[in-house]
Amino acid sequence: MARITKLEDIVSLCKRRGFIFQSSEIYGGLASCYDYGPLGVELKNNVKKAWWNSVVQMRDDVVGLDCSILMHPLVWKASGHVDKFADLIAECKKCNARTRVDHLAEHAEEHTEHISIDAAMAKEHDLSNKVCPNCGAVGGFTEPMPFKLMFETQMGANVDDSMTMHLRPETAQGIFANFRNVLDTTRVKIPFGIAQIGKSFRNEVTTKAFIFRTREFEQAELEFFCEPGTDEKWFEHWKKTRFDWYVELGIKKENLRMRDHAGDELAHYAKSCVDVEYKFPLGSGDWQELEGIANRTDFDLRQHQRGIRTLNKWFENNRLMDKIELAAEAEDYESGPLSYFDDEQKKRYIPYVIEPSAGIDRSALAFLVDAYDEEEVRGEKRNLLRFHHALAPIKVGVFPLVKREGMPEIAKNIYNDLKRHFNCFYDEKGAVGRRYRRQDEAGTPFCITVDGQTKEDNTVTVRDRDSMEQVRVATDQLRSHLQERLDM
RNA sequence: GCGGGUGUAGCUCAGUGGUAGAGCGUCACGUUGCCAACGUGAAUGUCGUGGGUUCAAGUCCCAUCACCCGCUCCA
């Protein structure tokens with residue numbers, strides 16, 4: 001079982017086969033941005049399809065949603081991102097190591113709370129007695145520098161009237177903001193979930209490591225709403241369900257693990273959190289997060305109830321976000337607009353939320369890396385991608401054995417028929433062996449070859465990618481034969 | 001951001017200050033009747049980018065961009 005052992009080899013494979021290119025490569029590249037090539041976009045779409053199929057289509061308790069990337073500025077005030085998605089960082093002049101100012105506590109182990117960046121900036125920061133955790137130098141820090149981790153943009157063509165907006169740093173808030181809409185229009189009952197796939201943007205302090213941490217990335221998120229007290233049961237349910245999803249789609253179990261977050265690692269909103277991690281072949285051989293599953297409690301819905309109570313204040317302050325504080329929580333918040341009324345129990349409450357949040361780009365890459373294999377066939381090396389059938393960018397290759405005697409015409413007819421049902425690829429160039437191997441490298445599960453016998457009895461060969469074995473199938477049975485073997 | 005390394009054809013890489021190269025891949029033609037066959041031929045280069053030194057720079061110097069490795073960071 002061959003395995004890619006270096007990130008460089010992944011990058012090379014992705015480029016060579018047209019899976020992933022660097023963005024703006026002809027201009028020297030743009031840091032942290034990548035494009036999906038012809039095979040890559042099929043793979044990525046298939047990953048999204050598989051997720052949607054598992055999380056939405058096959059479940060009776062989840063509905064879908066697709067929100068805009070730009071949202072009302074108060075959304076990010078309420079969610080905490082405006083204040084907490086910004087850090088003060090100081091740099092040690094001696095060793096150049098950067099450390100968050102709030103981590104420069106007297107007691108190094110202490111986990112300090114985030115505070116508003118404006119408040120933090122206003123606060124006096126006496127760093128003269130602070131110790132650099134990296135080199136031990138005392139008081140050798142630069143002035144604190146603010147880091148804003150959300151992308152800012154302007155809405156409105158008239159510069160004077162335009163409003164500063166943020167590109168969403170997670171898709172989740174769009175789901176919370178539509179909680180009421182979904183409740184009112186779909187007859188869902190708790191427990192139920194709302195799922196969404198889409199782009200998010202974060203100005204990471206450091207990117208690096210190919211597409212593992214990029215500033216523009218795609219998330220598949222589910223917010224699963226449940227009654228407080230049942231949240232731990234649902235948390236366990238989604239842990240298992242999401243872990244199994246990767247295994248069912250072919251990730252080798254030894255490369256996948258579940259890691260619990262330690263208490264001091266938990267985000268401010270989370271009661272508990274686990275990561276699904278994949279053993280990517282990075283230099284250090286480290287495990288990397290594919291998906292985080294968090295118990296967000298009722299934090300978000302409660303925050304948005306405070307957010308909508310802040311609207312007037314925001315208008316009164318000329319829509320200047322840094323002039324206002326989020327309104328205090330109402331005393332009867334549990335019966336607020338984002339609460340849920342349980343008709344059976346005759347009870348009103350703010351639901352708890354279990355959030356499985358998967359990185360689509362990371363997952364696509366994990367599926368790609370995990371599928372990679374090399375083997376020796378008659379003294380020759382064979383490279384192939386053993387994709388799960390559902391993920392394979394191309395499902396079927398269609399070839400005439402040779403480019404003569406009417407074989408291409410028959411093969412083309414088969415191709416034109418099959419491509420209405422599967423993603424197919426037609427190839428008549430060169431030796432058939434080479435065409436097989438090319439499809440192996442793209443991860444195509446089946447190749448159909450029209451040969452001399454086809455004209456006599458209307459059968460073709462169907463060749464399996466993994467075993468290289470062939471069976472003869474009647475042309476009028478091809479579609480059902482493939483549908484069955486592809487499980488489509 | 002720091003330290004180290006890399007950047008030459010689609011990929012992997014060679015290239016001693018003096019004509020831009022190889023293997024693989026791609027394409028065409030011929031041959032070939034089921035697993036990267038063979039033959040002949042062809043295309044493909046801002047040598048990452050911009051300056052500088054020099055008669056002459058892929059090669060030396062400076063800056064810059066991008067990627068990799070190690071720190072750091074990861075709300």
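All values reported here derive from a predicted model rather than from experimental measurement.
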For RNA chain B, whose closest nucleotide is more 5', that of A:V11 or that of A:G430? A:G430

Calculate the interatomic distance between A:N203 atom CG and B:G1 atom P; express it in whole Å. 12 Å

Could you go step by step and tell me if A:R302 and A:E329 meet the salt bridge (Lys or Arg N to Asp or Glu O under 4.0 Å) rule? CA-CA 8 Å; A:R302 284 171 66 175; A:E329 188 159 53; 2.9 Å; yes

If pairing requires Watson-Crick or G-U wobble contacts with both distances under 3.5 Å, which nucleotide is the partner of B:U54? none

For a quick check of understanding: with a heavy-atom distance under 4.0 Å over all strands, which category does A:Q470 fall into, base, sugar-phosphate or nothing? base

Inter-nucleotide C1' distance (B:G7, B:G50), Å rounded: 16 Å

Which nucleotide in the list B:C67, B:C68, B:C34 gets nearest to the side chain of A:E8? B:C68

Please work out if A:Q439 contacts a base, only the sugar-phosphate, or nothing of the nucleic acid, heavy-atom cut-off 4.0 Å. nothing

Scan A:F21 against the nucleic acid and name what it touches under 4.0 Å (heavy atoms): base, sugar-phosphate only, or nothing. nothing

May I ask you to check whether A:F210 and A:Y34 place their ring centres under 6.0 Å from each other? yes

P gap between B:A66 and B:G48, integer Å: 16 Å

B:A9 pairs with which nucleotide, Watson-Crick or G-U wobble, both distances below 3.5 Å? none

Taking atom P in both B:U8 and B:C60, what distance in whole Å separates the two? 15 Å

Under a 3.5 Å cut-off for both contacts, is B:U44 paired Watson-Crick or G-U wobble with anything, and if yes, with which nucleotide? none

Return whichever of A:A31 or A:K15 has its heavy-atom-nearest nucleotide of RNA chain B closer to the 5' end. A:K15

Candidate nucleotides B:C35, B:C34, B:G33, ranked by approach to the side chain of A:V432 - the nearest: B:C34

Sole candidate of A:Q173, A:Q196, A:E291, A:E355 that passes side chain to side chain contact (heavy atoms under 4.5 Å, CB included) when paired with A:E221: A:E355

Tell me if the aromatic rings of A:W238 and A:F224 count as close, with their centers under 6.0 Å from one another. yes

Using a heavy-atom cut-off of under 4.0 Å over every strand shown, decide if A:I26 touches base, sugar-phosphate, or nothing. base

Within this structure, what is the CD-to-C1' distance between A:E428 and B:A28, rounded to whole angstrom? 14 Å

Same-atom distance (P) from B:U72 to B:U26, integer angstrom: 44 Å

Do A:R463 and B:C35 have a side chain to base donor-acceptor pair shorter than 3.5 Å? yes

Of the listed B:A36, B:C74, B:C67, the closest approach to the A:R213 side chain comes from B:C74

Answer yes if the ring centres of A:F179 and A:F225 are under 6.0 angstrom apart, and no otherwise. yes

Just how far, in rounded Å, is P of B:U6 from CZ of A:F210? 22 Å

Looking at A:Y34, does any N or O in its side chain come under 4.0 Å of the phosphate oxygens OP1/OP2 on B:C67? yes

Rounding to the closest angstrom, what is the interatomic distance between B:G45 and B:U40 at atom C1'? 25 Å

B:C67 and B:U12: how far apart are their P atoms, nearest whole angstrom? 16 Å

Can you find a donor-acceptor N/O pair under 3.5 angstrom joining the side chain of A:R404 to the base of B:G33? yes

Any strand: nucleotide that pairs with B:U19 via Watson-Crick or wobble, under 3.5 Å: none

The side chain of A:Q22 lies closest to which of these nucleotides: B:A66, B:G33, B:A36? B:A66

Rounded interatomic separation in angstrom, taking CD from A:E289 and P from B:A75: 9 Å

For A:E441, is there any backbone N or O sitting under 3.5 Å from a side-chain donor or acceptor partner on A:R465? no

For B:A75, the Watson-Crick or wobble partner whose two distances fall under 3.5 Å: none

Counting only Watson-Crick or G-U wobble pairs whose two distances fall under 3.5 Å, which nucleotide matches B:A63? B:U49

If you measure from the C1' atom in B:U31 to the same atom in B:U16, how many Å do you get, rounded? 44 Å

In whole Å, what is the span from the CG atom of A:N383 to the C1' atom of B:C35? 14 Å

Looking only at the aromatic ring of each residue, does the gap between the centers of A:F446 and A:H389 stay below 6.0 angstrom? yes

Mark yes or no for whether A:T454, through its side chain, and A:T459, through its backbone, hold a donor-acceptor pair below 3.5 Å. yes

Regarding A:G452, tell me which of base, sugar-phosphate or nothing describes its non-hydrogen contacts under 4.0 Å with the strands shown. base

Rounded to the Å, how far apart are A:D427 CG and B:C34 C1'? 14 Å

Got a donor-acceptor pair under 3.5 Å from the side chain of A:Y436 to the base of B:C34? yes

Taking only the side-chain heavy atoms of A:R434 (C-beta and beyond), determine which of B:G25, B:G33, B:U12 contains the nearest atom. B:G25

Taking the inter-plane angle between the rings of A:W245 and A:F367 on a 0 to 90° scale, is it parallel (under 30°), tilted (30 to 60°) or perpendicular (over 60°)? perpendicular

Calculate the interatomic distance between A:R438 atom CZ and B:C24 atom C1'; express it in whole Å. 13 Å

What contact category does A:K429 fall into here, base, sugar-phosphate, or nothing, at under 4.0 angstrom with non-hydrogen atoms? sugar-phosphate

To the nearest Å, how far apart are A:R202 CZ and B:A75 C1'? 8 Å

I'd like the C1' distance from B:G58 over to B:A43, given in whole Å. 23 Å

Across every strand shown, the nucleotide meeting Watson-Crick or G-U wobble geometry with B:C35 (both distances under 3.5 Å) is none

Scan every strand shown for a Watson-Crick or G-U wobble partner of B:C2, both distances under 3.5 Å, and answer none if you come up empty. B:G70

